Amino acid sequence: MSEQTQISGWTREEMAKRLAQDIHNGSYVNLGIGIPELVAKYVPEGRTLIYHTENGLLGMGPSPETGSGDPELINAGKRQVTANPGAAFFHHADSFAMIRGGHIDLCVLGAMQVSKNGDLANWSTGAPDAIPAVGGAMDLVAGVKSVYVITQHCTKHGEPKLVESCTFPLTGCKVIDRIYTDLAVIDVTDKGFQLVELSPGIDFDYVQSKTGAEILQIPNT
Amino acid sequence: MSEQTQISGWTREEMAKRLAQDIHNGSYVNLGIGIPELVAKYVPEGRTLIYHTENGLLGMGPSPETGSGDPELINAGKRQVTANPGAAFFHHADSFAMIRGGHIDLCVLGAMQVSKNGDLANWSTGAPDAIPAVGGAMDLVAGVKSVYVITQHCTKHGEPKLVESCTFPLTGCKVIDRIYTDLAVIDVTDKGFQLVELSPGIDFDYVQSKTGAEILQIPNT
Amino acid sequence: MINKHVSSAAEAVRDVFDGATVMVSGFGEAGSPIELIHALIDQGATDLTVVSNNTGSGEVGLAALLKAGRVSKVICSFPRTANSTVFPDLYRSGKTELELVPQGTLAERIRAGGAGIPGFYTPAAVGTPLADGKESRQFDGQEYILEHGLKADFALIKGQVADTHGNVIYNKTARNFGPPMAMAANVSIVQAIQVVEPGEIDPEVVVTPGIFVDRVVEIANPVHESVLVAEGVSYP
Amino acid sequence: MINKHVSSAAEAVRDVFDGATVMVSGFGEAGSPIELIHALIDQGATDLTVVSNNTGSGEVGLAALLKAGRVSKVICSFPRTANSTVFPDLYRSGKTELELVPQGTLAERIRAGGAGIPGFYTPAAVGTPLADGKESRQFDGQEYILEHGLKADFALIKGQVADTHGNVIYNKTARNFGPPMAMAANVSIVQAIQVVEPGEIDPEVVVTPGIFVDRVVEIANPVHESVLVAEGVSYP
C-alpha cells in the first residue's frame, strides 16, 4: 500500500457534520443534491433550520415513510419529502424571488471546480456531446447570502478541484464563501484560499499539494 | 332661456347605460371613480361582468347593506364593497400584473381632456399649488386592452374636453379607444375623432361646435 | 426553536433609526398598521423616508407620523385624501419631499426590490411628466421606461393571522401592499389580530412565507382609522 | 353567466396550432399536466416551441410529445433525466433546438411576460456562458444582465381544484410553474382533479385568479408519470 491510501481525511458524513456546525439557529438554508443533502442529518441539537427547496417549499422535512408520500411533494432532486409545521408552498417566481432577493441565508452546493477568487463551476464539463442542464444553480450562487461548497478535495482521477481559475464553464463569478472538503475547511478571501481547519491527521503541506492554487496558512496569533 | 340650456343630451345615468351596452359578456372590467362606477348598474340582463378593483379584488360586488360591511373590503375609491361568488383577493403587485399584462378587457375612466390621437389627461391640472396624485390611472391606460372615457362633453365652464392636443399633463399617450359623453359616442381612430352615435335630439354640428378638434361624420354606407 | 413573536408594538419598532426608509402597508385604511405607526411615533425616529400608497387620513396613523415632523420624504402614488391637510401643508411648505410613482409601478418596484431585480421596464407613465428624466427604450416597437427596484430598512405591515415563524395571511383587500413590502424590507414587522403556533396556518394558504418576516406582534383589536377620524382623534 | 368548464382534454386543446408556443407546468412529475399533453399528442399540432422546466421522463407526457416529433424547440432549465433518452437523442441529432435558461430566470421571464414587463435585469448567469450575447449593465456597482419577458400562445397547467370562473388552487409542490404560466399565455388551460362552482373556493386562498385562465377540464384521477414510467408505458 502506498502512503497515499492511508491518508483518508473526513468521510462524506464527517464533512457534512463539520459544515452543519457552522450554520446558525434559525437560518434559511437551501441544500443542493448529493453530499449537501447529508448536512440536514447533522444539525446540532437545539438549532432549528428552515429548509428551502427551490421548487416551491419552505419548511421542508425529511423523506416520508414508505408508502405515505405524495408524488407532488418533492424536493429539487425530485425525491419525495415532507412539510414541517410552519411550512409554506409557493410558485416558482416567488421561490426564486427568495433566492435572487437575498432572503436565503445559506446554500450548500457540490462543485466540479472552485477558483481562488470564488468562481464556481458545477453544471457542465463543456463536453460537446453533453446535454446542457443548469437548473437553479446560477440563481442560487448569484442570490443567496452565503454559498458554501462541500466536495471531495480532488476528482476521482486525483486532480485538484480547488484551482487558480476554472477550466469548466462557470456557474457564477466570485460567489463561493467557504469550501468543506475531505481534507480541510477553506475560506475564499480577497487574498485567495485561506485555511480554516485541517481534517484530523492531515497536514497543511498535503492539502497544499492537492490544491491547484496557493492556500494561506492560518496566521499565528 | 337661451337655446343652449334646452339642449340636454344624455344624463350621467344614460351615458353609463349607453356604455354598458357595449361591454361583452364575461369581460373583466375596471371602473374608475365617479361616473364610471354607474356603469355597473346598467349591464344588460344575461351578461355577467367580472369587476376588478386595483387594490386587490376580482369579482367585486355592490356596496354592502348598511352595517354589514368590512372596512378592509373596499374598492379603489376606498368605499366598502362586497365580493361575489368566484371572487379572488390578491396583492398589489399581482393586481397590477393583471393590468399591465393586458388581462383586463376594459377600463372606464373619467377625463379632463382627450386629444384626437387618444392622449388622455385626467390626473392633474398642472397648477403649481396642486398636490400631485396619480394612483393607478397611468398603469390602467398603459395596460388594459380597451380604455373608454365617460365624461361630460365640456367642462363646467363650457370648454371642450375633446381637443386637438391636451394642455394638461398627460396620463398616457394614444391610449383612449372610445369616448362616451352627454352628447355623443365618439371613437378615437388613426384619422382622429370619429362619430359613432349622437345623443337623441343632438345634431352633429352642435357636437362639433362643442369639440376642440374635427369630428369625422359617420360615413354613408 | 424559532420564535419571531415580540411582546408589543413598541418592542417591534424599537430599532427604527433616524434616516431609515420605512415601507408602510395599506390602501386607505385597509391594511394600515396603525398601532405600529403609533408605536413608531412614540419611539421618536425621525428624518424617515416613507414608502406607502397614501399619506393617511385625519391626524392619526400615517398622517400623525407626518404631522409629528418625522418624515422628510414620501414615495407614494396618491397623497391626497378628502379629510386630511397634513401632507398638503407639509408639501406646500417644502418640509416633506414627494416622489410620485404610478401605483402599479410602485407595487412592482417594491416587488422587484424584494426579488433581487434592480431594474425593469414598464409602459406606465411613458410620455407623461412622471417619465421625465427616466431612461426609455423600445421593445417590439413599443416604448417603455426603466424603473428601479425599491428596498427599505423596515416594513410595517398589517396582517390577519401570523405564526411564530412569520407566515402571514391577510384580510380581504387589506392584503394590498403587505406581501411585496415584506419582501423588500430588511426588517419586516407584522401586526396581526392573532399570532399562532407553526402548523396552525395551512401551508397551502400562506400568503407571505415566514422568510420575509422578522417580527410579529399580536394586536388583537386594532383600531379603525375611519373611526378615529370620525371621532376627531389626533395622535398622540 | 361565465363558464370556462370544457368537457374533455381533447376539447381543451382543440385549437393549438402548428408553430405555437406552449408552456407546460411541472417540475419533474409534480404538476405535469400529463392528460393535457397526451391530448395534445392526439390532436396533432406540430413544430411547437415548448417552455417547461424539464423535458419529461420515460416515453410519456412531455417526453412522448418530444418523441412524437412535435417539438422544434424547448426553452428549459434542466432537460436531463435519469430515465429518458428522448430529449438527448433529439438534441444530439439536431432535431430539437434548446434554449437553456437558469431556472429562476425562466420563472421570472414567464412572470414578466404575464405582467407586461418586456425586460428586467438579473444577476443570475453573469460571467457564465449563458450570458453570452446578452446585454449587461451595472446597478450600484454590481453587474446584471438583461432578460426578456416570455409569453406563449397556450399554457397547459395541472391544478388541484378549479372553479368555472377559472380560479385555481394547487397541490403542494405541484404549484411550481402553474401560476406564472397561467399569466403568460394567451390561452391558459387547466386540468384539475375537481371543477367546482364559483364560491366553493374561498377568495382568500385562490392562487391563480380566474382572469388568467381560459379553460378548465376535470381529470378526476390523473395518472402519475412515475407510475407510467415504472410500467414501461410509451404513449400513445
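What you are looking at is a predicted structure, and each value in this text was computed from that prediction instead of being measured. When reading the values below, keep in mind they use all heavy atoms of this one structure, side chains included, and skip hydrogens, waters and symmetry mates. Naming convention: chains lettered A, B, ... in sequence-line order (proteins, then strands); numbering from 1 in each chain.
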Closest approach of B:C173 to C:G127 (non-hydrogen atoms, all atoms of both residues) = SG-CA, 3.7 Å

Interface residue of largest heavy-atom contact number with chain C, from B:E54, B:M138, B:E72, under 4.5 Å | B:E72

Quick one: of B:P169, B:A142, B:P132, who has the most non-hydrogen atom pairs under 4.5 Å with chain C?
-> B:P132

Between B:A87, B:A121, B:G136, B:S95, the one whose heavy-atom pairs under 4.5 Å with chain C are most numerous = B:G136

Count the heavy atoms of every other residue, nucleotide or ligand shown that sit under 6.0 Å from CD of B:Q217, and state whether that count exceeds 12.
-> yes

Which bit of C:F87 comes within less than 4.5 Å of chain B, counting heavy atoms only: side chain, backbone, both or neither?
-> side chain

Count the heavy atoms belonging to other residues, nucleotides or ligands that lie under 6.0 Å from NZ of B:K191, then report whether that count exceeds 12.
-> no

Step through the shown structure and confirm whether more than 12 heavy atoms of other residues, nucleotides or ligands are within 6.0 Å of CG on B:D190.
-> no

Sort C:Y91 into side chain, backbone, both or neither according to what part of it lies under 4.5 angstrom from a heavy atom of chain B.
-> side chain

Applying a strict 4.5 Å limit to non-hydrogen atoms, the region of B:D94 in contact with chain C is neither

Nearest heavy-atom approach of B:G135 to C:F78 is N-CD1, 3.5 Å

Heaviest contributor of heavy-atom pairs below 4.5 Å to chain B, chosen from C:A112, C:P79, C:C76, C:G28, is C:P79

Select one option (side chain, backbone, both, neither) describing which atoms of B:T171 are under 4.5 Å from chain C's heavy atoms.
-> backbone

Are any of the side-chain heavy atoms of B:W123 and C:P129 separated by less than 4.5 Å?
-> yes

Starting at CG of B:L120, measure out to OG1 of C:T128 and round the result to the nearest 0.5 Å.
-> 11.0 Å

Top contributor to chain B interface from C:G178, C:A107, C:P102 [non-hydrogen pairs under 4.5 Å] = C:P102

What residue in B:V175, B:V81, B:L170, B:V141 has the most heavy-atom pairs under 4.5 Å with chain C?
-> B:L170

Indicate yes or no for a side-chain donor-acceptor contact from B:R100 to the backbone of C:A124 under 3.5 Å, with no hydrogens or angles considered.
-> no

Stepwise side chain to side chain contact (heavy atoms under 4.5 Å, CB included) check, C:T122 with B:F96 | CA-CA 11 Å; C:T122 176; B:F96 281 85; over 6 Å; no

Can you find a heavy atom in the side chain of C:N54 that is under 4.5 Å from one in the side chain of B:K78?
-> yes

Check: B:D129 main-chain N/O paired with C:R92 side-chain donor or acceptor under 3.5 Å = yes

Under the 3.5 angstrom rule, does the side chain of C:T173 hit a backbone N or O of B:G56 as a donor-acceptor pair?
-> no

Parallel, tilted or perpendicular: ring planes of B:H92 versus C:F27, cut at 30 and 60 degrees = tilted

Heavy atoms of B:D70 and C:K172 approach each other most closely as OD2-NZ, 3.0 Å

Region of B:A130 that comes under 4.5 Å of a non-hydrogen atom in chain C = backbone

Max heavy-atom pair count under 4.5 Å with chain C, selected residue of B:D119, B:N55, B:D139 = B:D139

Whatever's closer than 4.5 Å to a heavy atom in chain B on C:V101 counts as backbone

Contact part of B:I99 toward chain C, heavy-atom cut-off under 4.5 Å: side chain, backbone, both or neither?
-> neither

Assess whether atom NZ of B:K161 is packed by more than 12 heavy atoms of other residues, nucleotides or ligands within 6.0 Å.
-> yes

Pairs of heavy atoms under 4.5 Å with chain B: top-ranked of C:S32, C:A125, C:G26 | C:A125

